[in-house]
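Side chains are part of it too, since the values below use all heavy atoms of this structure and drop only hydrogens, waters and symmetry mates. Because the structure is a prediction, the values reported are computed rather than measured. In what follows, every chain begins at residue 1, and chains take the letters A, B, ... in the order their sequences are listed.
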There are 2 protein chains.
Amino acid sequence: MTTPSAPTLAQGPAHEVQRCPPLTRTALDTSQAETAAAIFKALGDPVRLRIFSMIASAPDGELCVCDVVDVGVSQPTISHHLRKLREAGLLTSRKEATWVHYRVAPGVLAATAALLAPPG
Amino acid sequence: MTTPSAPTLAQGPAHEVQRCPPLTRTALDTSQAETAAAIFKALGDPVRLRIFSMIASAPDGELCVCDVVDVGVSQPTISHHLRKLREAGLLTSRKEATWVHYRVAPGVLAATAALLAPPG
DNA sequence: TCGCAATATCGACAGTCATCGAACCAAGGA
DNA sequence: TCCTTGGTTCGATGACTGTCGATATTGCGA
């Protein structure tokens with residue numbers, strides 16, 4: 001659990017991506033490329049992306065690990081992927097009794113999308 | 001060179017990403033996740049992302065390989081990364097005399113951005 | 001024809017990563 | 001105090017990948 005205390009905040013490179021200029025505007029410097037690439041890398045595995053999309057499309061924006069099923073890998077591997085996504089700042093987690101719920105970290109998707117194709 | 005004949009078209013998973021529903025709408029199926037992840041994976045390396053941003057932000061939308069410089073890796077490695085980006089359908093190439101010019105494949109960035117954060 | 005300059009390819013190597021089963025931890029319930 | 005269930009961590013392993021130097025290729029000029 002990376003988010004033990006109240007207000008649950010995203011961590012990792014995802015926060016910093018907000019400060020990156022759009023790819024089409026200026027060439028990224030080394031450190032900007034580093035933080036942005038970390039996010040793309042986290043999304044760059046088919047299984048992980050699938051898990052992420054299950055959470056992102058969950059009706060109440062939240063999904064229990066126990067509902068992440070039929071992705072073709074073992075349960076430890078699912079846990080491994082969830083950790084990677086969390087470490088990249090794309091997900092936050094919340095523990096409730098014996099279950100753990102994951103949700104998409106706020107703002108991350110919009111910021112990343114803006115990196116690729118700036119609105120306007 | 002993957003684009004020997006006229007009209008230069010993007011190839012690889014990038015074309016298919018247009019058909020993927022937004023991550024926040026429905027969970028991706030296996031093959032959708034596969035094609036989308038291939039694009040994120042291509043952008044998931046810091047050096048490669050930096051090279052890509054240099055091309056994407058080039059004044060006339062096009063950049064000669066000979067202008068890809070100061071990225072901290074050798075020439076063969078740069079060529080390797082350009083190939084990966086081309087194979088992912090993110091770049092197209094054009095040969096002029098001894099020089100090769102790369103540009104961002106049209107529509108790819110917008111489609112990928114829409115995958116993350118659908119407009120509207 | 002020769003040499004040079006710009007890129008691409010090849011082969012090798014070191015580091016990273018996805019995956020698994022086994023073991024571990026935490027929280028309820030009997 | 002045990003057992004069970006949900007999840008994470010550990011250690012190992014095979015596959016993949018970024019990197020390099022060396023080599024090949026292509027086209028231009030002398």
Side-chain angles (χ1 to χ4, degrees), chain A residues 1-4 11-13 30 33-34 37-52 54-55 62-88 90-103, chain B residues 1-5 8 11-13 30 33-34 37-52 54-55 62-88 90-103:
Chain A
M1 214 76 0
T2 56
T3 56
Q11 298 172 337
T30 306
E34 207 110 10
I39 292 180
F40 290 128
K41 188 178 200 172
L43 297 174
D45 179 87
V47 172
R48 201 152 53 218
L49 182 59
R50 186 120 174 275
I51 294 173
F52 183 78
M54 291 175 70
I55 297 169
E62 205 177 51
L63 200 66
C64 176
V65 176
C66 60
D67 290 324
V68 178
V69 82
D70 285 334
V71 289
V73 297
S74 70
Q75 195 276 327
T77 303
I78 292 177
S79 190
H80 163 76
H81 284 309
L82 287 170
R83 175 210 266 263
K84 283 294 187 84
L85 289 167
R86 207 178 48 209
E87 287 176 348
L90 287 165
L91 294 180
T92 63
S93 65
R94 177 177 71 83
K95 185 159 191 172
E96 188 179 320
T98 50
W99 298 282
V100 178
H101 299 255
Y102 280 83
R103 64 169 55 239
Chain B
M1 211 77 358
T2 55
T3 56
S5 57
T8 302
Q11 298 171 336
T30 305
E34 208 110 10
I39 292 179
F40 290 128
K41 188 177 198 172
L43 297 173
D45 178 87
V47 172
R48 201 151 55 217
L49 182 58
R50 185 123 174 273
I51 294 173
F52 182 78
M54 292 176 68
I55 297 170
E62 206 177 51
L63 199 67
C64 176
V65 176
C66 61
D67 289 325
V68 178
V69 83
D70 284 335
V71 288
V73 296
S74 70
Q75 186 273 325
T77 302
I78 291 177
S79 190
H80 164 76
H81 284 309
L82 287 170
R83 174 210 266 260
K84 282 294 188 82
L85 289 167
R86 208 177 48 209
E87 287 175 347
L90 287 164
L91 293 179
T92 62
S93 64
R94 177 177 70 84
K95 187 159 191 173
E96 187 179 320
T98 51
W99 297 280
V100 178
H101 299 255
Y102 281 83
R103 64 170 55 237

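Between A:Ala97 and A:Val73, it is A:Val73 whose nearest contact on DNA chain C lies nearer the 5' terminus. Between A:Trp99 and A:Thr77, the residue anchored nearer the 5' end of DNA chain D, judged by the nucleotide with its closest heavy atom, is A:Trp99. Both B:Arg83 and A:Glu96 lie near DNA chain C, and the one whose nearest nucleotide falls closer to the 5' end is B:Arg83.
The interatomic distance linking B:Ile78 (CD1) with D:dC20 (C1') rounds to 13 Å, in whole Å. Taking atom CD1 of B:Ile51 as the reference point, atom P of D:dG18 lies 11 Å away to the nearest angstrom. A:Asp45 has its CG atom 18 Å from the P atom of C:dT16, to the nearest Å. Between the NE2 atom of A:His80 and the C1' atom of D:dC10 there is a distance of 13 Å, given to the nearest Å. B:Lys41 places its NZ atom 9 Å from the P atom of D:dC16, with the value rounded to the nearest Å. Atoms CZ (B:Arg86) and P (C:dT7) sit 13 Å apart, rounded to a whole Å. Residue A:Phe40 contributes atom CZ, which lies 19 Å from atom C1' of D:dT17 at whole-angstrom precision. When rounded to the nearest whole Å, the span between CZ of B:Arg94 and C1' of C:dT7 equals 15 Å.
Out of D:dG6, D:dT17, D:dT8, the shortest distance to the side chain of A:Cys66 is found at D:dG6. Proximity note for A:Val65 (side chain, C-beta onward) versus D:dG7, C:dT7, C:dA18: the nearest is D:dG7. When distances are taken from the side chain of A:Ser79 to each of C:dA8, D:dT9, C:dA18, the shortest belongs to D:dT9. Distances from the side chain of B:Arg48 to the nucleotides D:dG18, D:dG21, D:dT8 place D:dG18 closest. In the set D:dA22, C:dC17, D:dT8, D:dA22 carries the atom at the smallest distance from any side-chain atom of B:Pro76. The listed nucleotides are C:dT19, D:dT9, D:dG7; the one nearest the side chain of A:Val100 is D:dG7.
Here the straight-line distance linking atom CG of B:Asp45 with atom CZ of B:Arg50 works out to 12.0 Å at 0.5 Å rounding. In this structure, the separation between CZ on A:Arg86 and OG on A:Ser79 is 7.5 Å, given to the nearest 0.5 Å. Considering OG1 of A:Thr92 and CD of A:Glu62, their distance stands at 8.0 Å, rounded to 0.5 Å. A distance of 9.5 Å separates CG of B:Leu85 from NE2 of B:His80, quoted to the nearest 0.5 Å. Between the CD1 atom in A:Ile55 and the CG atom in A:Leu91 there is a gap of 4.5 Å [rounded to 0.5 Å].
The shortest distance between the side-chain N/O atoms of A:Lys84 and the OP1/OP2 oxygens of C:dA18 is below 4.0 Å. Contact check, A:Ser74 against C:dC20: a side-chain N or O comes under 4.0 Å of OP1 or OP2. The side chain of A:Tyr102 places no N or O atom within less than 4.0 Å of a non-bridging phosphate oxygen (OP1 or OP2) of D:dG7.
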